[in-house]
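Keep in mind that the numbers below use all heavy atoms, side chains included, and drop hydrogens, waters and symmetry copies.
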Amino acid sequence: MAQMDIEQLSPDLPLKPLYVIHGEEDLLRVEALDVLRQAARQQGYLNREVYSADSASFDWQELLHAAGSMGLFADLKLLEIHIPGGKPGKAGGDALQELAGRLPEDTAVVLMLPKLERAQMQAKWFAVLAKHGVVLEAKAVSGAALPQWIQGRLKQAGLEIEADALSLFAERVEGNLLAAKQEIDKLALLHPRGHLLNMADAEAAVANVARFDVFQLAGAWMSGDAARTARLLEGLEADGEEPVMLLWALAEDIRTLIRLTAALKQGQSVQSVRNSLRLWGDKQTLAPMAVRRISIARLLAALQDCAKIDCMIKGAEAGNAWAEFKHLTLELAA
């Protein structure tokens with residue numbers, strides 16, 4: 001069938017025979033499943049069966065039998081299949097292909113998957129499911145897209161928000177969509193429909209629940225966003241994050257940029273080296289941006305700085321490892 005924007009899913013849309021929900025944003029995956037359950041209730045799918053293929057001993061033949069059996073008194077049936085690990089194995093892959101090829105007329109099937117790796121999305125079982133079903137991908141909401149997402153959710157709750165208050169809201173829930181939803185729900189309870197949220201409302205109600213992590217940090221410095229890089233570094237340090245893993249990730253990214261620079265000078269394209277350099281997700285766009293901005297000499301010097309900071313962490317050299325790490329990362333972002 002087709003890929004569908006997960007945010008456009010509605011309980012009023014007629015149910016299709018098969019839905020495949022996957023992606024890295026847990027909140028959006030759970031919400032999509034809730035919408036489909038609501039649609040099933042509204043449209044007479046009163047019989048609901050849930051299967052969780054969470055171990056190698058899962059009986060896929062039992063699932064196929066359940067899918068092919070008529071519901072009680074021929075009721076319409078919602079069949080949920082949860083694969084927490086995202087890897088059905090050979091037996092599971094074969095069973096899913098068989099199921100997709102002969103979808104029961106009285107049943108709507110929903111397959112719940114986590115974030116899938118590239119190899120899983122290229123597997124035959126996923127291709128067959130995508131061909132016969134509606135694919136709903138729960139993509140992560142990036143920092144740049146977060147304000148618009150929050151504004152849209154507030155509008156659904158009957159609230160408006162001033163620009164400066166929206167910026168504060170987005171900053172404080174960055175990287176944690178579930179927290180953003182919880183804060184929006186709270187604001188909807190605190191204020192009447194049509195209320196315009198101002199800075200005071202945002203400061204009073206929104207908790208500082210930003211989830212700072214190494215992946216966001218890489219995106220910030222590679223894109224040259226010094227202000228965001230500084231904010232993320234402050235959050236990581238305040239959370240008690242040790243610089244060991246952060247330094248390792250930074251050094252790996254610098255090596256990647258050095259190799260990318262060399263490849264581009266040899267006339268190779270980003271696409272041709274994408275897999276060998278592991279330029280997946282946002283890095284496919286961010287890494288070329290970074291090599292255009294940062295000279296090869298600076299990258300090589302930064303790698304030497306990483307070695308020096310590593311000695312500080314191990315106690316082989318005097319100095320403040322956190323301070324040096326922050327200084328280096330901010331320099332690369334500048």
Practice item. Quick one: do Glu162 and Leu196 satisfy side-chain contact (heavy atoms from CB on, under 4.5 Å)? Show the steps, please. Key: CA-CA 7 Å; Glu162 294 178 351; Leu196 177 63; 3.8 Å; yes
Exercise for review: Indicate yes or no: at least one non-hydrogen side-chain atom of Leu28 is less than 4.5 angstrom from one of Leu136.
Suggested key: no
Practice item. Measure the CG-CE distance between Leu250 and Met222 for me, rounded to the nearest 0.5 Å. Key: 8.5 Å
Review point. If you measure only the distance, is there a donor-acceptor pair under 3.5 Å linking the side chains of Gln120 and Trp125?
Key: no
Practice item. Taking all non-hydrogen atoms of both residues into account, name the closest pair between Ile313 and Ala321 and its distance. Key: CG1-CB, 3.6 Å
Review point. So, His327 and Asp305: side-chain donor and acceptor under 3.5 Å apart, yes or no?
Key: no
Exercise for review: Please report the shortest heavy-atom distance between Ala95 and Trp60, naming the atom on each side.
Suggested key: CB-CB, 3.8 Å
Exercise for review: Report yes if the side chains of Glu183 and Phe169 come closer than 4.5 Å at any heavy-atom pair, otherwise no.
Suggested key: yes
Review point. Thinking salt bridges, do Glu324 and Lys308 make one under a 4.0 Å N-O criterion?
Key: no
Practice item. Assess whether atom CD of Gln148 is packed by more than 12 heavy atoms of other residues, nucleotides or ligands within 6.0 Å. Key: no
Review point. Is Val134 reachable from Val128 through a run of I, L, V, M, F, W or Y residues, each pair having side-chain heavy atoms under 4.5 Å apart?
Key: no
Review point. Is any side-chain N of the basic residue among Glu252 and Arg255 closer than 4.0 Å to the acidic one's carboxylate O?
Key: yes
Check your understanding: Rounded to the nearest 0.5 Å, how far apart are CG of Leu129 and OH of Tyr19?
Key -> 14.5 Å
Check your understanding: Roughly how far, to the nearest 0.5 Å, is NZ of Lys77 from CD of Glu105?
Key -> 13.5 Å
Review point. If we only count heavy atoms from C-beta on, is the His82 to Leu33 side-chain gap below 4.5 Å?
Key: yes
Review point. Can you name the one residue among Leu299, Leu277, Ile296 that meets side-chain contact (heavy atoms from CB on, under 4.5 Å) with Leu257?
Key: Leu299
Check your understanding: When clusters are formed by joining ILVMFWY residues with side-chain heavy atoms under 4.5 Å apart, either directly or through shared neighbours, do Val291 and Met289 land in the same one?
Key -> yes
Exercise for review: Would you check if the side chain of Thr107 reaches a backbone N or O of Pro104 as a donor-acceptor pair within less than 3.5 Å?
Suggested key: no
**Study point:** Minimum heavy-atom distance Ile184-Ala157, with the two atoms named
**Key:** CG2-CB, 4.4 Å
Review point. Does one side chain, of Gln284 or Gln271, offer a donor that lies under 3.5 Å from an acceptor on the other?
Key: yes
Point to revise | Gap separating the CG atom of Leu99 from the NE2 atom of His132, nearest 0.5 angstrom | key: 10.0 Å
Exercise for review: Check for a donor-acceptor pair, side chain of Gln43 on one end and backbone N or O of Pro11 on the other, with a separation under 3.5 Å.
Suggested key: yes
Practice item. Decide side-chain contact (heavy atoms from CB on, under 4.5 Å) for Leu154 and Leu197; before the verdict, give the C-alpha distance in whole Å, the side-chain angles of both, and the deciding distance to 0.1 Å. Key: CA-CA 10 Å; Leu154 285 170; Leu197 298 167; 3.9 Å; yes
**Study point:** Reported CG-to-OG1 distance for the pair Leu300 and Thr261, which is rounded to 0.5 angstrom
**Key:** 9.0 Å
Exercise for review: Could you pull out the closest heavy-atom pair between Arg41 and Leu46, with the gap in Å?
Suggested key: O-CD2, 4.2 Å
Review point. After noting the C-alpha distance and the side-chain angles of Leu96 and Phe126, does the key distance pass the side-chain contact (heavy atoms from CB on, under 4.5 Å) rule?
Key: CA-CA 8 Å; Leu96 290 173; Phe126 186 84; over 6 Å; no
Practice item. Give a yes or no on whether the backbone of His195 and the side-chain of Glu160 come within a donor-acceptor separation of less than 3.5 Å. Key: no
**Study point:** Point-to-point distance, once rounded to the nearest 0.5 Å, from CD of Glu24 to CG of Leu116
**Key:** 11.0 Å
Check your understanding: Just wondering, do Asp59 and Leu63 contact through their side chains at under 4.5 Å, heavy atoms?
Key -> no
Review point. Are the side chain of Lys115 and the backbone N or O of Asp26 linked by a donor-acceptor pair below 3.5 Å?
Key: no
Check your understanding: Given the rule in the side-chain contact (heavy atoms from CB on, under 4.5 Å) test, do Gln182 and Leu178 qualify, once you have shown the distances and angles that lead to the verdict?
Key -> CA-CA 6 Å; Gln182 291 172 337; Leu178 177 59; 4.0 Å; yes
**Study point:** Nearest non-hydrogen partners of Ala180 and Val173, listed with the distance
**Key:** CB-CG2, 3.8 Å
Review point. Hey, are Glu331 and Arg298 close enough for a salt bridge, meaning a charged N less than 4.0 Å from a carboxylate O?
Key: yes
Check your understanding: Would you call the rings of Phe325 and Trp322 parallel, tilted or perpendicular if under 30° counts as parallel and over 60° as perpendicular?
Key -> perpendicular
Exercise for review: Using a strict cut-off of less than 4.0 Å between a Lys/Arg side-chain nitrogen and an Asp/Glu carboxylate oxygen, indicate whether Glu31 and Arg153 qualify as a salt bridge.
Suggested key: yes
**Study point:** Pairwise side-chain contact, Leu159 with Arg193, heavy-atom cut-off 4.5 Å (strictly under)
**Key:** no
Check your understanding: If we only count heavy atoms from C-beta on, is the His191 to Asp201 side-chain gap below 4.5 Å?
Key -> yes
Exercise for review: Examine distances only and state if a side-chain atom of Arg293 and a backbone atom of Leu332 form a donor-acceptor pair shorter than 3.5 Å.
Suggested key: yes
Review point. With a 4.0 Å cut-off, would you call Glu25 and Arg29 a salt bridge?
Key: no
Check your understanding: Salt bridge between Glu80 and Arg37, side-chain N to carboxylate O under 4.0 Å?
Key -> yes
Exercise for review: Would you indicate whether the side-chain heavy atoms of Leu233 and Leu330 approach each other to under 4.5 Å?
Suggested key: yes
Review point. For the hydrophobic clusters of this structure (ILVMFWY residues joined by side-chain heavy atoms under 4.5 Å, transitively), does one cluster hold both Ile254 and Met312?
Key: no
Point to revise | Minimum heavy-atom distance Ala170-Ile150, with the two atoms named | key: CA-CD1, 3.7 Å
Check your understanding: Hey, quick one: are Leu15 and Val50 part of the same hydrophobic cluster, counting side-chain heavy atoms closer than 4.5 Å, chains of contacts allowed?
Key -> no
Practice item. Determine whether Val244 and Leu247 fall in the same hydrophobic cluster, where Ile, Leu, Val, Met, Phe, Trp and Tyr are linked whenever their side-chain heavy atoms lie under 4.5 Å apart. Key: yes
Review point. Do the side chains of Arg102 and Leu64 get nearer than 4.5 Å, heavy atoms only?
Key: yes
